[in-house]
Structure formats: C-alpha cells, structure tokens
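Chain identifiers are assigned alphabetically (A, B, ...) following the order of the sequence lines, protein sequences preceding nucleic acid strands; residue numbering begins at 1 within each chain. Note that these values count all heavy atoms, side chains included, but never hydrogens, waters or copies made by symmetry.
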Amino acid sequence: MSSTPFTLRVINLIHSIPSGKVTTYGSIAAMAGNRRAARQVARILHSSSRKEHLPWHRVINREGRISLARQQGYEDQKELLENEGIIFDVSDKIDLNIFLWQGDQS
DNA sequence: CTCGTGACTCCCG
DNA sequence: TCGGGAGCCACGA
C-alpha cells in the first residue's frame, strides 16, 4: 500500500482540504515536496479516489478550472463544489484568490 | 519484470 | 506577449 512518502503526503494533504476550499495539483505537489510532481498528484488522486473516499472534487488545475471533460464528470465535480459553497464565474472558473487553500499558510 | 501514459506546471526562446 | 518543450514518477496492462 504505502508507496512513497510523497504519495502518503499527497493523500494526507487531500484529506486536509477543508470543505468550501479548493487547491491545485501544483500546490499539493509543492506542499508534498516536489512542485513538479503535479502529474503524479493527479495520477494518485485518480487512482486513490476510486478506492478511498477522497475529496477529489476539491482539486483543480492552476487556472481555477476543472480539468475534466464534460463526459468525464465535469458537471458532477462542479455540482459537488457548488454544494460546498464554491462559486463559479461566468467562465466556469473558480476565484483562487478566495477559495484556494494552501495548507495552513505556514 | 518493462512500457506507455497522464484530473499538470513551470521555464525558456 | 505567446508557444512549445521538458520535468516529474505512480499506476495499470
């Protein structure tokens, strides 16, 4: 199970995302120690969310946009986020200045 | 075991 | 200002 410390940290961080907030792959990767491992974060998230109850919907890309395609579950994620109070603008983007969660702001 | 791929992001020309 | 390339490495087949 426990692969690398990085993976464990990523999982832990995702669990730490407070409701009503979102974060980006890059932020998680950076907090986990490797800011270039954003892709791995996505991979881990996708894989883990299938087995565990991870708030995967709280993870979006750097544009403040959902990376998924409509057929992939875009609408589902959007609905989950709106249910937590996240606001999407006219471009379906989330204002990261308001909703971005960067750990506990060390 | 090896190989290909990817819910991404940053840097440099 | 904008575009393309490179980096990162876990997971599934």
Side-chain angles (χ1 to χ4, degrees):
Chain A
M1 308 236 294
S2 51
S3 303
T4 67
F6 178 79
T7 299
L8 296 176
R9 236 171 278 143
V10 170
I11 299 298
N12 187 43
L13 284 166
I14 295 170
H15 273 298
S16 301
I17 303 173
S19 178
K21 291 285 184 178
V22 297
T23 191
T24 67
Y25 304 102
S27 292
I28 294 175
M31 287 188 279
N34 197 334
R35 65 195 189 89
R36 297 206 149 167
R39 286 166 85 170
Q40 280 65 267
V41 173
R43 173 65 60 168
I44 293 165
L45 199 62
H46 202 187
S47 178
S48 299
S49 64
R50 245 191 345 182
K51 310 168 192 170
E52 310 185 38
H53 298 149
L54 289 178
W56 62 272
H57 55 273
R58 294 181 189 150
V59 184
I60 59 180
N61 67 25
R62 220 31 186 67
E63 293 181 0
R65 205 69 162 67
I66 296 174
S67 295
L68 297 177
R70 317 279 308 214
Q71 313 87 328
Q72 290 280 324
Y74 178 95
E75 293 181 7
D76 294 325
Q77 181 168 11
K78 182 178 178 182
E79 188 178 316
L80 285 167
L81 292 174
E82 290 182 322
N83 190 41
E84 293 186 352
I86 305 295
I87 306 298
F88 287 77
D89 67 17
V90 291
S91 300
D92 275 348
K93 288 194 296 187
I94 297 172
D95 190 337
L96 294 179
N97 292 303
I98 300 176
F99 301 106
L100 179 62
W101 175 77
Q102 301 177 11
D104 280 321
Q105 283 286 331
S106 43

* Dump the intermediate steps for side chain to side chain donor-acceptor pair (under 3.5 Å) on A:Arg43 and A:Tyr25, then the final yes or no. => CA-CA 10 Å; A:Arg43 173 65 60 168; A:Tyr25 304 102; over 6 Å; no
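- Residue A:Arg65 is out of contact with every strand shown, counting any heavy-atom pair closer than 4.0 Å.
- Nearest heavy-atom pair, A:Thr23 versus A:Trp101, reported as atom, atom and distance to 0.1 Å: OG1-O, 3.1 Å.
- Residues A:Leu8 and A:Met31 do not share a hydrophobic cluster, defined by chaining ILVMFWY side chains whose heavy atoms lie under 4.5 Å apart.
- The backbone N or O of A:Ile98 lies less than 3.5 Å from a partner atom in the side chain of A:Lys21, making a donor-acceptor pair.
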* Just by protein heavy atoms under 4.0 Å, how would nucleotides 4-11 of chain B read 5' to 3' in B, S and -? -> -BBBBSSS
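- Across A:Ile60 and A:Arg65, no two heavy atoms sit closer than the pair CB-O, 3.5 Å.
- Crowding of A:Glu52 atom CD: a count of heavy atoms from other residues, nucleotides or ligands under 6.0 Å exceeding 12.
- We find that CG of A:Leu8 is positioned 15 Å from P of C:dC9, with the value rounded to whole Å.
- Atoms CZ (A:Arg9) and C1' (C:dA10) sit 15 Å apart, rounded to a whole Å.
- Atom CD1 of A:Ile28 is separated from atom P of C:dA10 by 16 Å (rounded to the nearest Å).
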